[in-house]
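Accompanying notes for the structure given below.
The chains referred to below are lettered A, B, ... by the order of the sequence lines, with proteins before strands, and numbering in each begins at 1. Quick caveat: nothing in here was measured; it's all calculated off a predicted structure.
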Amino acid sequence: MFCVISFIVLSILGVFSAENRSLAREALDCVLRRVTLRPCNTGFDEKMKARILGFVITKTETGARILNRFFEPLSWIFVLLFLGSAFFAVRGVYLFYVTGSCNGLNQSGFCVFDPTGQSNQISNVGESCPVVLPGEDPVSLKGVNLDGFPVLNAEGEKSIVFIGSYGCEYSRKAYPVVRQLAEKSAARFTFLYYPVKESSDYLAKVGYCAYRQDAEKYWSLVDTFFTAERSQIEDESFIRQTLSEAGYNADTILFCASDPQTEWVVKKQLSEVVKTGFFGTPTVFIQNEVLIGPKPPRVYAIALNGLLYWAR
Amino acid sequence: MNIQKIRQDFPLLGWSNGRKPIIYFDNACQSLRPQAVIEAVQRYYEETPACAGRSMHRLASEVSRQVDEARQQVARFLHAGRKEEIVFTRNTTEAINLVANALDWKAGDVVLLTDKEHNSNLIPWQMLARRFGVCLKFVPSNPDNTFNLAAYQQALQGGVRLVAMGYTSNLDGVSIPAEEVVRLAHKQGALVLLDAAQTAPHQRLDVRRLDADWVAFSGHKMLAPSGIGVLYGKYRLLETMQPFLVGGDTVASSTYEDCQFLPPPEKFEAGLQNYAGIIGLGAAIRYLQQIGLENIEKHETALNQYLSEALKSVPGLQIIGPADARLRSGIVSFFIPGVDHHRIALMLDQMAGIAVRSGQHCVHSWFNSRGIPGSVRASVYFYNTEEEARQLVDALIKIRKVL
Ligand SMILES: Cc1ncc(COP(=O)(O)O)c(C=O)c1O
């Protein structure tokens, strides 16, 4: 068993040094002889054992004695540990590929490929907004009425629902990716605007009015709000300019936005969004999957193709 | 003899590039090389990298002169009568093979060996047994592995063509009483070849006093570069011997049908020689003579006594050969029953940078006949110190506690 573990370890170390490569070759020789049930006569295991003991003895004599006594069982333990960690490593790579996180979809444990956990970052729904904490209930669209929310490709077969906020850095990162995917795949794209900060509530009303007035022009408005400087989007003159550039009459839209009736409808819409149980933006529903935080583009595509199923 | 000063001549014995000095106890296999030898070799390659003898240009004559000087030096080192008695070979093994292949053998010729010969002084004779029906006889050692003179005398009685014996055993460091061995052999009309691989580096050799017919040894066990060895042979014998390896440089002239061999030693030195090795051997001998072989022998014996005594504190350790360290020159060969000798050697290397040899030391026949799997061999040279010996013993005590 020692030959096996040595082969594995030395093969990895062999990437860095020629000496380890030649030792790995010796170890392989040793392994093959074992496997074919010939006596392991390379002396490799003996050589390595002596070297390891020689090293340990200089640190702790007792340790060396124990190691000498239980060398084979310890080798087994190392092999099992290695196989276990190898399994988790491969699983981590796979999960990272399909979900953007080594630990699985929306799981925020440490991941070497994404050490800062970017793909799970969200702007929490702030204190000044209706506080919604990650609840027991899973985030889902079940029982949520999506009527009246802006929809692109209403006839699309597949469905993408994007909850995001113009003021949220992570929504801004995810939005263009998801939007592009929706366009490319002709999926039905529903946009649920949810302001993480109360001050951007206003934009919810502006958006509502704009969409109601002209659903076509609406999307260029959204695109602009997601890409403009964050400090600008709360500025009324910027909003006016954006509306005009999108082809709206700014006065009409802003008048509509200040209408109490609009406020009532938007509030209703926001409370509908809250029903999803989401706890931060961006939250994206693709087919039956919920993706929280800005994922790498491939992950959204995989979800749209229904392949995230395998990552469970 | 100022050991600390001597040690400075050996690059591996000092700190270099942050690497600890090695503790080198594998001198019976190869010795370390002093700077003087390294420089001599380098000088050859830098200044005169040419053929001796064959060419006429300046470089060639300079190499010829240096090779000649080295041959002279070896002759003086051995106290040989003339430098033509010195044949350069690759090593002891080749020297022994030369003798084995240069005599006319008949079925039934007896070659007498000891029971602990190095394979280099066993296999060539076994080949003769296979090819010509030569008969090999072995003189059994005393129980303490010393030479059994009585058994030897008895063995000589049956008629022996050649006595081929290790002068000093690489297994346990025991030397045979060579002068007596030669005298008795000659009395019975037998020729004598001494394998002095473990003798020449460590004690004064006087081939004329020994009266041995051939003496073989290797340069690399006595500070010289690897791949250079020597066969000393009495000139009149060399003259009558068939050359072993033949070809370029061995003949004065040739026709399509025949050739005319050069006189010894050239007729035995076929092909381009190891000039760097020969010149390096000259430098090594000069170095050894500066220190003095008597001093070397005295130092090694004292160190072996210290080491052998200190090793008594390692539980279960058994030394091969006589208890008296003075009879084992610079070699301490030991084993601990039940503990793998290779493991000990590897651990010594890993733990303390101590280089020893482990295994059967090419004396498989001795180990196999006694059912001993192998041993660890520490072989000292004049640059080893008591402090190094102490470190070896300390490490062994530690290992013993663990294994
Ligand atoms: C006693 C003896 N004879 C012969 C030899 C062979 O020497 P080489 O390998 O230099 O030919 C050795 C080498 O260890 C030896 O110790």
- Item | Which atom of A/N68 lies closest to which atom of B/V402, heavy atoms considered |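 Answer, listing the atom of A/N68 first, then B/V402: ND2-O, 3.1 Å.
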- Closest approach of B/L346 to A/K47 (non-hydrogen atoms, all atoms of both residues):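 What the structure gives for the nearest pair is CD1-CA, 3.4 Å.
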Check this for me: [X], atom [atom1], are more than 12 non-hydrogen atoms of other residues, nucleotides or ligands nearer than 6.0 Å?
{"X": "B/E387", "atom1": "CD", "answer": "yes"}
{"X": "A/F71", "atom1": "CZ", "answer": "yes"}
{"X": "A/Y97", "atom1": "OH", "answer": "no"}
{"X": "B/R390", "atom1": "CZ", "answer": "yes"}
{"X": "A/Q232", "atom1": "CD", "answer": "yes"}

- Query: For A/S171, which residues count as a side-chain hydrogen bond (donor to acceptor under 3.5 Å, both in side chains) partner, sequence neighbours excluded?
  - Reply: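 Here the qualifying residues are A/T281.
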Rounded to the nearest 0.5 Å, how far does [atom2] of [Y] lie from [atom1] of [X]?
{"X": "A/E61", "Y": "B/I397", "atom1": "CD", "atom2": "CD1", "value": "10.5 Å"}
{"X": "B/K401", "Y": "A/R65", "atom1": "NZ", "atom2": "CZ", "value": "7.5 Å"}
{"X": "B/M347", "Y": "A/T58", "atom1": "CE", "atom2": "OG1", "value": "9.5 Å"}

- Item | chain A contact via B/L348 - side chain, backbone, both or neither, heavy atoms under 4.5 Å |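 No part of it gets close to chain A.
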- Message: With a 4.5 Å cut-off on side-chain heavy atoms, are B/R343 and A/K49 touching?
- Response: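 Yes, side chains in contact.
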